[in-house]
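Step one of this worksheet: look at the structure below.
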Amino acid sequence: MSSSNVRVRFAPSPTGFFHIGGARTALFNWLYARHTGGTFVLRIEDTDRERNTPEALQLLLDGLRWLGLDWDEGPEADGEYGPYFQSERGGLYDEYLQKLRDNGRAYDKDGAVYFKVSGEPQVIEDAVRSKVVRTEEKDFVIFRSNGTPVYHFVVVVDDITMGITHVIRGEDHLSNTSKHTELFSALGAPVPVFAHLPLILKTNGPGKMSKRDRGALVEEYEQRNFLPEAVRNYLCLLGWNPKDNTEIFSLDEMIERFDLPGINKDAARFDDKKLAHINGAYLRSLPLDDFVEKGKPFLEKAGLIDENTDRDYLRTVLDLCQEKLRSLDDLAGYVGYFFNDEYPIVEKARRKIFKKGDPVARLKELAVELAKLEEFEEEILEKTVQGLSEANELYTGDYIHAARLAVSGTNAGPSFYALLRVLGRERVLGRIERFISGCQDAEN
RNA sequence: GUCCCGUUCGUCUAGCUCGGUCCAGGACUCAGGGUUUUCAUCCCUGCAACAGGGGUUCAAAUCCCCUACGGGACGCCA
């Protein structure tokens, strides 16, 4: 199935959250596996933690799937190197502990088992930072006095027994790596290639992003209705760079271009604004049918459409508005008046437009002309407004602003003449009339 | 405190391997303008950086050293 012997893994511990930094690590591992034709393994580090609930695991798997990251081996996928839950691999840890006892590298003290370090400088071949040298000075615990193995021992045994060739993980593990290389060597196993990823810093303030920071969790982006492909695209740019200023990639391009040498060394700050920008770019470039499918639930939730809504009309409206949107969250607010005659008049817009000129007078003039038209097409509408403005020596904007306010309740929206066309003459005239009488009532 | 990693516009980054082509390029943000005088899109223009100090060199963002600052690790957590 795989065409290379590269084997990478993402090894999260289910804590009930899926951290965005973890997602980025998973993405880089996944991209590297796909890029090389290797294998992406998902291993669950679920040892001794009461937080390890089925829900916590599910959250992780859902998050990965939401981002489109599928694993070749792991929970719900099988594979020859299982089990993929650390909690089920106990026998292996005992077996490897015995090897260390046999070669004199493990000893008991205070009821715990210690690993005896070599004291030699450990040279870590890191694909991101080249050579890193660090000496592990002190023996460390590999089995607790309660008989359970400790993380550093467990990762190494798992990586050995799962045939992991490249360890791509966060930089917070860099200083631990000397422990790991000691262990690999003592167990007579080849040391994998490491690639330590720069950390993601919080949006403002010092330090790395932590669970409590806004925007730190993958599930937030799902809840905030970001497109997963946009989040994925943004994430791949955090700490990796294609070197030619490309910023938006298709998945295939991303896979083709991603590689270890393009990974940066310095920590990156998470930028919400840029994510929003990329999300907007994805949203606007969605094929219309996809956009309709993605948008529908939001309009339904807002009570704007139901199963009786005309599908062609829905398409026409969304086609008109898609090019202006930045996020799906904005959709219902942007198109409400297309589906509901009871739209609010935005006070700020109203004040702005009434401040200069006499919108009511303009609307009366316009209504007379619109009523005469045989066709309600964009060019004709445009000519009508232009003719009116020339005849009365006014700006076309005087008519446009007034009419947009009357017909949609706001001063922002899609192209004006298209807006009128889609709404149709009947509704446009009805809305203008209602608006005018509303203004006159207010005066009395 | 000890050890490890890092330091180019406010932010993400290109350039650093092989010093001159860089009075440092792109993107986000922001400001101004344009887009049938809507706008949240789109286009254009603009603001804005080589942390500091020493070297090496004809020449340094690029090589070396020091300092400062930022980050991380130092658990019988993972």
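The structure displayed is predicted, hence computed values, not measured ones.
In this structure, A:Arg431 forms no cation-pi arrangement with A:Tyr343, as its terminal cationic atom is not both closer than 6.0 Å to the ring centre and no more than 45° off the ring axis. Both the sub-6.0 Å distance and the 45° axial angle are not jointly satisfied by A:Lys294 relative to the ring of A:Phe291. Judged by a 6.0 Å distance limit and a 45° cone about the ring axis, A:Arg350 is positioned over the six-membered ring of A:Phe354.
With distances taken from any side-chain atom of A:Lys324 to the nucleotides B:rC76, B:rC39, B:rA14, the minimum falls on B:rC39. You'll find that the side chain of A:Asp172 is closest to B:rG72, out of B:rC5, B:rC76, B:rG72. Nearest to the side chain of A:Val150, among B:rU13, B:rC76, B:rA40, sits B:rC76. Checked against B:rA40, B:rG72, B:rC76, the side chain of A:Tyr334 finds its nearest nucleotide in B:rA40. Closest to the A:Arg134 side chain, of the nucleotides B:rA78, B:rC3, B:rC39, is B:rC3. Among the nucleotides B:rC12, B:rC4, B:rA78, the one closest to the side chain of A:Arg144 is B:rA78. Residue A:Lys352 has its side chain nearest to B:rC39 when only B:rU13, B:rC5, B:rC39 are considered.
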Between the protein and nucleotides 60-71 of chain B, list every N/O to N/O distance that falls short of 3.5 Å.
unit_1: B:rG71; atom_1: OP1; unit_2: A:Gly207; atom_2: N; d: 3.2

Could you write out each protein N or O paired with an N or O of nucleotides 23-28 of chain B at a distance under 3.5 Å?
unit_1: B:rG25; atom_1: N2; unit_2: A:Asn245; atom_2: OD1; d: 3.2
unit_1: B:rG26; atom_1: O4'; unit_2: A:Asn245; atom_2: ND2; d: 3.4
unit_1: B:rA27; atom_1: O2'; unit_2: A:Glu247; atom_2: OE1; d: 2.4
unit_1: B:rA27; atom_1: O2'; unit_2: A:Lys274; atom_2: NZ; d: 3.0
unit_1: B:rA27; atom_1: N3; unit_2: A:Lys274; atom_2: NZ; d: 3.2
unit_1: B:rC28; atom_1: O2'; unit_2: A:Lys274; atom_2: N; d: 3.4

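A 6.0 Å sphere centred on CD of A:Glu379 holds no more than 12 heavy atoms belonging to other residues, nucleotides or ligands. For CD of A:Glu88, the number of neighbouring non-hydrogen atoms (other residues, nucleotides, ligands) closer than 6.0 Å is greater than 12.
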Inset, instruction - Go through the steps for A:Leu64 and A:Phe10 under the test side-chain contact (heavy atoms from CB on, under 4.5 Å), then give the verdict. - result: CA-CA 11 Å; A:Leu64 288 167; A:Phe10 176 55; 4.3 Å; yes
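Between A:Phe115 and A:Phe140, the ring planes lie tilted relative to each other; the angle falls in the 30° to 60° range.
Each of A:Phe270, A:Phe249, A:Phe226 was evaluated against A:Tyr234; a single residue qualifies, A:Phe270, per the ring-ring contact (aromatic ring centres under 6.0 Å, His included) test.
Remark: the A:Arg224 side chain and the A:Ser327 side chain contain no N/O donor-acceptor pair separated by less than 3.5 Å.
B:rA68 and B:rU7 make up a base pair, with Watson-Crick or G-U wobble contacts both under 3.5 Å. With a 3.5 Å ceiling on both atom-pair distances, the Watson-Crick or G-U wobble partner of B:rA73 is B:rU2.
Mapped onto RNA chain B by nearest heavy atom, A:Ala11 and A:Leu238 fall at different nucleotides, with A:Leu238 at the one closer to the 5' end.
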